[in-house]
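Down below is the structure, laid out as structure tokens.
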Amino acid sequence: MPPEWAPQAATLLVWPRAGGDWGPDLPPARDALAAMAAALAAAQDVILIAADAECRSSIRAHPDLSGLPDERLRIADIPANDIWVRDTGPVTLLDGDGGRRFLDFRFDGWGGRHPSADDDALTARLHAAGTLGAGRLVRRDWVLEGGSIEVDGAGSLLTTERCLLHGRRNPGLDRAAVEARLRTDLGVDRVLWLRHGHLEGDDTDSHVDTLVRFAGPGHIVHQGCADPDDPHHAPLAAMADELAALATADGGRYRLTRLPLPAPQFDADGRRVPAGYANFLLGNGLILAPAYDDPADAEAHALLADCFPGRRLVAVDCRALIRQNGALHCAAMQIPRGDT
């Protein structure tokens with residue numbers, strides 16, 4: 001499984017539906033997706049999934065998208081329950097000959113929390129329509145969400161016990177069984193488990209992509225919290241201690257970059273939502289960074305730019321997205337470039 005910084009052929013996105021859960025946040029949520037698509041389309045193809053006719057017409061009417069050429073912005077008419085394609089789209093591997101293998105894991109609405117029938121069928125429908133490009137489709141009969149795993153392309157995988165060992169998803173699979181499947185299915189040599197760390201409001205049971213990301217085989221970027229009065233402070237500090245104790249594949253220590261935490265963000269019901277900066281997204285020559293109209297934005301963006309030198313940083317307002325518990329990485333899935 002190649003890392004996200006490897007060359008990409010395309011990025012999958014899903015346009016927010018008018019009949020979904022967005023309510024008054026629908027226009028700013030669509031603005032965020034349009035900003036992502038426009039930035040990515042400068043360097044690679046964007047496959048934008050339209051769940052219904054209104055989605056298709058509103059995509060082409062959006063001012064940020066109306067001028068993009070059809071060969072760069074490809075609209076796929078495929079049903080979808082929600083926009084979080086990181087968890088519903090294909091996990092793509094490269095075979096030894098450079099061909100692609102699209103792994104289609106089961107999706108159960110994050111442990112049965114939300115409707116999921118169309119999202120579970122999304123990858124197979126995309127493949128059947130030829131939207132994903134050349135590559136084999138391989139169904140895997142266990143639940144695995146793309147946001148729950150992070151790979152460095154050199155054999156190491158990061159994940160959290162809180163998510164992958166949660167009994168709602170794969171009852172009967174213990175840690176040894178899950179680790180064996182990760183090694184076999186994703187071609188990794190070792191699994192690095194994190195016990196600590198979570199963001200309030202996260203309904204994914206601590207997806208690793210909200211907390212910890214690789215910036216290279218020997219470099220980890222992680223979400224921190226400097227305020228000792230914030231309830232995130234203790235769990236994120238414990239997570240930082242875990243990361244400091246991790247050994248690299250060659251027995252060394254990881255370079256660690258700690259990201260600041262924005263001021264608390266809340267939804268319309270006053271519930272705190274999982275706002276952070278670790279949910280950034282990489283494209284060819286790009287890093288898309290979450291923004292919350294917060295003083296911490298500038299510090300976080302400077303740190304991320306230093307982690308990925310040579311990439312152009314594009315800030316995307318994620319306030320509407322985060323009120324539905326996700327941000328940039330959650331809303332996108334890359335299709336790596338293959339040789340065939």
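No experiment lies behind these values; they were computed from the predicted model shown.
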Counting only N and O atoms by type, is there a donor-acceptor contact under 3.5 Å from the side chain of S206 to the main-chain atoms of G197?
yes
I'd like to know if the side chain of D108 and the backbone of G111 have a donor-acceptor N/O pair within less than 3.5 Å.
yes
Answer yes when R72 and D45 have at least one side-chain N-carboxylate O distance shorter than 4.0 Å, and no when they do not.
yes
Quick check: is L73 connected to I78 through a chain of hydrophobic side chains (ILVMFWY, heavy atoms under 4.5 Å apart)?
yes
Paired with Q8, the side chain to side chain donor-acceptor pair (under 3.5 Å) test is passed by just one of Q44, Q334, R337, namely Q44
Does some side-chain heavy atom of L194 sit less than 4.5 Å from a side-chain heavy atom of L211?
no
Salt bridge between D52 and R17, side-chain N to carboxylate O under 4.0 Å?
no
Measure the acute angle between the ring planes of H127 and F102, then classify it against the limits of 30° and 60° as parallel, tilted or perpendicular.
perpendicular
side-chain contact (heavy atoms from CB on, under 4.5 Å) between W142 and R181, intermediate numbers included:
CA-CA 9 Å; W142 62 292; R181 292 188 181 208; 3.3 Å; yes
Determine whether V316 and W22 fall in the same hydrophobic cluster, where Ile, Leu, Val, Met, Phe, Trp and Tyr are linked whenever their side-chain heavy atoms lie under 4.5 Å apart.
yes
Would L286 and L40 count as a side-chain contact (heavy atoms from CB on, under 4.5 Å) if you check the C-alpha gap in whole Å, the side-chain angles of each, and the deciding distance to 0.1 Å?
CA-CA 8 Å; L286 290 172; L40 290 162; 4.3 Å; yes
Return the CD to CG distance between E242 and L192, rounded to the nearest 0.5 Å.
10.5 Å
Given side-chain contact (heavy atoms from CB on, under 4.5 Å), test I220 with T257 step by step and report yes or no.
CA-CA 6 Å; I220 286 174; T257 298; over 6 Å; no
Mark yes when over 12 heavy atoms from residues, nucleotides or ligands other than D21 sit less than 6.0 Å from its CG; otherwise mark no.
no
Can you give me the closest heavy-atom contact between L93 and L103, atom names plus distance?
CD1-CD1, 3.6 Å
Is it the case that the side chain of Y277 and the backbone of Q223 share a donor-acceptor pair, with hydrogens and angles ignored and the cut-off at 3.5 Å?
no
Keeping D294 on the side-chain end and A263 on the backbone end, is there a donor-acceptor pair under 3.5 Å?
yes
In one Ile/Leu/Val/Met/Phe/Trp/Tyr side-chain cluster, 4.5 Å: L165, V143:
no
Let me confirm one number: the CZ-CG distance from R125 to D77, rounded to the nearest 0.5 Å.
12.5 Å
Between the side chains of D203 and R113, is the shortest nitrogen-to-carboxylate-oxygen separation below 4.0 Å, so that they form an ion pair?
no
If you measure from the Lys or Arg side-chain nitrogens to the Asp or Glu carboxylate oxygens, is any gap between E54 and R60 under 4.0 Å?
no
Please determine if E161 and R175 form a salt bridge, counting it only when a charged side-chain N lies under 4.0 Å from a carboxylate O.
yes
Per salt bridge (Lys or Arg N to Asp or Glu O under 4.0 Å), R319 is matched among D297, D267, D293 by D293
Report yes if some heavy atom in the side chain of E150 is under 4.5 Å from a heavy atom in the side chain of L157; otherwise report no.
no
Do any N or O atoms from the side chain of R272 and from the backbone of G201 form a donor-acceptor pair under 3.5 angstrom?
no
Shortest non-hydrogen contact from A332 toward L13:
CB-CD2, 3.6 Å
Assess whether side-chain contact (heavy atoms from CB on, under 4.5 Å) is satisfied between L26 and R30, documenting all intermediate values.
CA-CA 6 Å; L26 182 65; R30 287 180 166 178; 3.6 Å; yes
Between C330 and G326, which heavy-atom pair has the shortest distance, and what is it?
SG-CA, 4.0 Å
Would M333 end up clustered with W15 when hydrophobic side chains under 4.5 Å apart are linked, directly or stepwise?
yes
Quick one: are L164 and N170 in side-chain contact, heavy atoms under 4.5 Å?
no
Between N81 (side chain only) and D119 (backbone N and O only), is there a donor and an acceptor less than 3.5 Å apart?
yes
Output yes when R213 and E4 qualify as a salt bridge under the 4.0 Å nitrogen-oxygen rule, no when they do not.
yes
Inter-residue atom distance W110.CH2 - T204.OG1, 0.5 Å rounding:
9.0 Å
Less than 4.5 Å apart, any side-chain heavy atom of F214 and any of H219?
no
Rounded to the nearest 0.5 Å, what separates atom CG in D306 from atom NE2 in H301?
13.0 Å
Check L313 against A305 and note the closest heavy-atom contact, atom names and distance.
CD1-N, 4.1 Å
Are a donor atom and an acceptor atom from the side chains of R100 and T92 found within less than 3.5 Å of each other?
no
Donor-acceptor pair between E179 and W193 side chains, under 3.5 angstrom
yes
State whether the side chain of S148 and the backbone N or O of E145 hold a donor-acceptor pair below 3.5 Å, judged by distance alone.
yes
Quick check: closest heavy atoms across A327 and W84, and the distance to 0.1 Å?
O-CZ3, 3.8 Å
Evaluate the salt bridge (Lys or Arg N to Asp or Glu O under 4.0 Å) criterion for residues R139 and D120: first the C-alpha distance (whole Å), next the side-chain angles of each, then the deciding distance (0.1 Å), finally the verdict.
CA-CA 11 Å; R139 178 69 167 177; D120 186 42; 3.3 Å; yes
Restricting to non-hydrogen atoms, name the atom on C318 and the atom on Y292 that form the minimum distance, rounded to 0.1 Å.
CB-CE2, 3.9 Å
Is the shortest heavy-atom distance from the side chain of L158 to the side chain of L246 under 4.5 Å?
yes
Side chains of M36 and L281 in contact at under 4.5 Å (non-hydrogen atoms)
yes
Carboxylate-amine/guanidinium proximity below 4.0 Å for D205 and R169:
yes
Mind checking whether V212 and V151 sit in one hydrophobic cluster, side chains of I, L, V, M, F, W, Y counted as touching below 4.5 Å?
no
Using a distance-only test with no angle check, is there a side-chain donor-acceptor pair under 3.5 angstrom linking H207 and T160?
no
Please answer whether the main-chain N or O of D209 pairs with a side-chain N or O of N279 as donor and acceptor at a distance below 3.5 Å.
yes
Any chance you could measure H222, atom NE2, to R258, atom CZ, to the nearest 0.5 Å?
7.0 Å
Any V85 side-chain heavy atom under 4.5 Å of L122 side chain:
yes
Any side-chain to backbone donor/acceptor pair from Q324 onto A320? Under 3.5 Å, distance only.
no
Would you mind telling me which of P231, P264, P274 makes a side chain to side chain contact (heavy atoms under 4.5 Å, CB included) with E200?
P231
Donor-acceptor contact below 3.5 Å, side chain R136 vs main chain R101
no
Measure the CG-CD1 distance between D185 and I149 for me, rounded to the nearest 0.5 Å.
9.5 Å
Got I75 and C55 here, is their nearest side-chain heavy-atom distance under 4.5 Å?
no
Compute whether any side-chain donor of one residue and acceptor of the other, for R271 and N325, lie under 3.5 angstrom apart.
yes
